[in-house]
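The block underneath contains the structure these notes are about, expressed in C-alpha cells.
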Amino acid sequence: MTESRKAGGNFLPVGVSAPARPIRAKSAEGTKALEAELMGARGRNEAQGRSAESAGRATRPASATP
C-alpha cells in the first residue's frame, strides 16, 4: 500500500492524529452576532434588489419609444 503513494506527498501516516487547528470555533455569542450581521446584510441586499426592480419597471426601454 505505501508503495502506491507518490514521494513528497502531504499524507499523514496511519495512526497519527492531525495537528490542532490554530483557530478556535466561535462561541455561542459570536455565532449569534455573525447570524445577526448576515441577516442584516440579507435585508439590505433584498431592499436594493426591490429598489432596482421597481426602477427598472418605471423606465421604458429605448426601443419602446416612438
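Numbering starts at 1 and runs along the sequence shown.
Clustering of Ile, Leu, Val, Met, Phe, Trp and Tyr side chains at separations under 4.5 Å places L34 together with L38.
For E46, the side chain to side chain donor-acceptor pair (under 3.5 Å) partners two or more places apart in sequence, or in a different chain, are R42. Among residues two or more places apart in sequence or in another chain, the side chain to side chain donor-acceptor pair (under 3.5 Å) test is passed with E53 by R57. For E29, the side chain to side chain donor-acceptor pair (under 3.5 Å) partners are S27, not counting sequence neighbours.
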